[in-house]
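Data first, discussion second: the structure below is written as structure tokens.
Convention: sequence-line order gives letters A, B, ...; per-chain numbering from 1.
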Protein chains: 2
Amino acid sequence: MATQNIKPGLAKFSEDDVLRQIEQAVLDHRLVPGTKLKEVQLANLFGVKRGLIRKVLTRLAHSRLVDQTPNRGATVAKPSVKEGQDLFATRRVIESAILETLIGHAEEKHVQQLGRMLDREQKAYLRGDSERALGLSVDFHRELARMAGNSVLEEYLNDIIRRTPLVILTHLGGDEHNRCRNQEHEAIVDAIARRDVKTAKKVMHQHLLHIESKIKHKPEKPPADLAELLRPHSVGQPA
Amino acid sequence: MATQNIKPGLAKFSEDDVLRQIEQAVLDHRLVPGTKLKEVQLANLFGVKRGLIRKVLTRLAHSRLVDQTPNRGATVAKPSVKEGQDLFATRRVIESAILETLIGHAEEKHVQQLGRMLDREQKAYLRGDSERALGLSVDFHRELARMAGNSVLEEYLNDIIRRTPLVILTHLGGDEHNRCRNQEHEAIVDAIARRDVKTAKKVMHQHLLHIESKIKHKPEKPPADLAELLRPHSVGQPA
DNA sequence: GATAATAAAATTGTTAACAATATTTTATCA
DNA sequence: TGATAAAATATTGTTAACAATTTTATTATC
């Protein structure tokens, strides 16, 4: 049987829980673009009512993480090449503004905190834990946004970050291509420490262009395994 | 009786219709921050089921136009001073990027189209139709975003534009203060026509700073009339 | 009259049953 | 076999009834 409960009735998740879990699944490439998201299946999976799933799907559609078609349900969004390009271009603008704002009032403790994050990221990478390294790499960008202290910029960067995996999976090849380079993160922190806005922006710009340049059309992925949403490293089945 | 139907059963609105009408009401200051949005009242008002209103309110909350508190319903959002500042600061970044992108590929027809919009705006202003002038002024900014051709930048600017009236009404005085100055719009179009990115950005920057500088704390507005959402120039009652 | 407890009303939140639509399967015929 | 139509199933969409909670009104007490 395809649709199976995961400890039915045991784990009770709130609406935000479910939302975050699906977002996280997109973030670390477990949910791939095109995957059909059936309401009862998800409801069973999370042990919640269908109405709750319904609300979550609406919210996800609102932030463009899923596509909803009337009477035909929801699928994980497949952003167009154009949308991907626009997303990356906007990301450069936003991250640039974040750096400018942050450096405007950066203190020593901020630099130290960023240094610690670089260490963690480096260690994870060296020990071969690439999943963890990817997560920490994302956290690095998020932390810059948080430190900048502009809630709207932070909100927009998070929005872009959430949508980026869909662009990568739809138009880029494997996961190897999309990891941030730790060296570049280091160079950014160095520039911040020196209050060197120009260099910081330049490195960030290069850093982001690196990934963007690889966007191009790519053949469909073959249908994969069923939705084992909660288990890491698994992948849903495209519609 | 406070809650009255407006031709019940006659006008049937879709979910998007209702969403847009409420957004529009916020945009032209008919709905003021703090207004309680009761589900049955809205349902009667629009001649739709409560479930539909419920979905709309969720979506509005997601774009921070309304605040939702569990068991206590929804009110039109009252952004904090900080959020207002962040919003304006981000707007400068976004509009700057829009100008840069637009000027990068602006054609003569774009400039002409903008010129026509300036005329319309000026005429409305001269004939004293300030409501219409305000609308056209907003359209001007939107049109710049559309012409730039980056869907994400456009999306973010529209988000900011939708939220701005709430900041103004919460922290600024009357409506007179917040109108865009037509001269500045003209100067921007002139700069675009000359492909002068630097000047265009500078004028836009000043243009936006003008409003932002006026944000400060302001006493509560007294409760006003009931929700005559559909009728222009009317105002809802704060909670 | 003011305050606190209680009851009534209003409002929001949830659910299960049903309707409408789409998808898959089976049956029919050339 | 392959194509088409019909039936069966699965999935999404809607609704009304109910439950839970908050707000308002009423009463009781000092």
Can you tell me the distance, in whole Å, between the CD1 atom of A:I53 and the C1' atom of C:dT15? 15 Å
Answer yes or no: is there an ion pair linking A:E23 with A:R20, defined by an N-O contact shorter than 4.0 Å? no
Which part of the nucleic acid, if any, lies within reach of B:G73 when heavy atoms closer than 4.0 Å are counted: base, sugar-phosphate only, or nothing? sugar-phosphate
Under 3.5 Å, is there a donor on one side chain and an acceptor on the other for A:E154 and A:N150? no
Whole-Å distance, B:E39 CD to D:dT21 P, equals 16 Å
Separation of atom CG in A:L57 from atom P in D:dG13, rounded to whole Å: 9 Å
Report yes if at least one side-chain N or O of B:R54 is closer than 4.0 Å to OP1 or OP2 of C:dG13; otherwise report no. yes
Rounded off to whole Å, could you give me the CG-to-C1' distance for the B:N71 and D:dT21 pair? 5 Å
What is the distance, to the nearest angstrom, from the CG atom on B:L52 to the P atom on C:dG13? 16 Å
I need the NZ-P distance between A:K38 and D:dG13, as an integer number of Å. 14 Å
If you assign each of A:R72 and A:K55 to its closest nucleotide in DNA chain C, which residue comes earlier from the 5' end? A:K55
Which sits closer to the 5' end of DNA chain C, B:A74 or A:G51, going by the nucleotide each is nearest to? B:A74
If I take atom CZ in residue B:R50 and atom P in nucleotide D:dT15, what distance separates them, rounded to the nearest angstrom? 13 Å
Modelled atom types, side-chain donor and acceptor of B:Q21 and B:D17, under 3.5 Å: no
Using 30° and 60° as the class boundaries, would you call the ring planes of A:H141 and A:H207 parallel, tilted or perpendicular? parallel
Are any of A:K36's side-chain N or O atoms less than 4.0 Å away from OP1 or OP2 of C:dT23? no
Would one find a side-chain N or O of B:K49 under 4.0 angstrom from OP1 or OP2 of D:dA16? yes
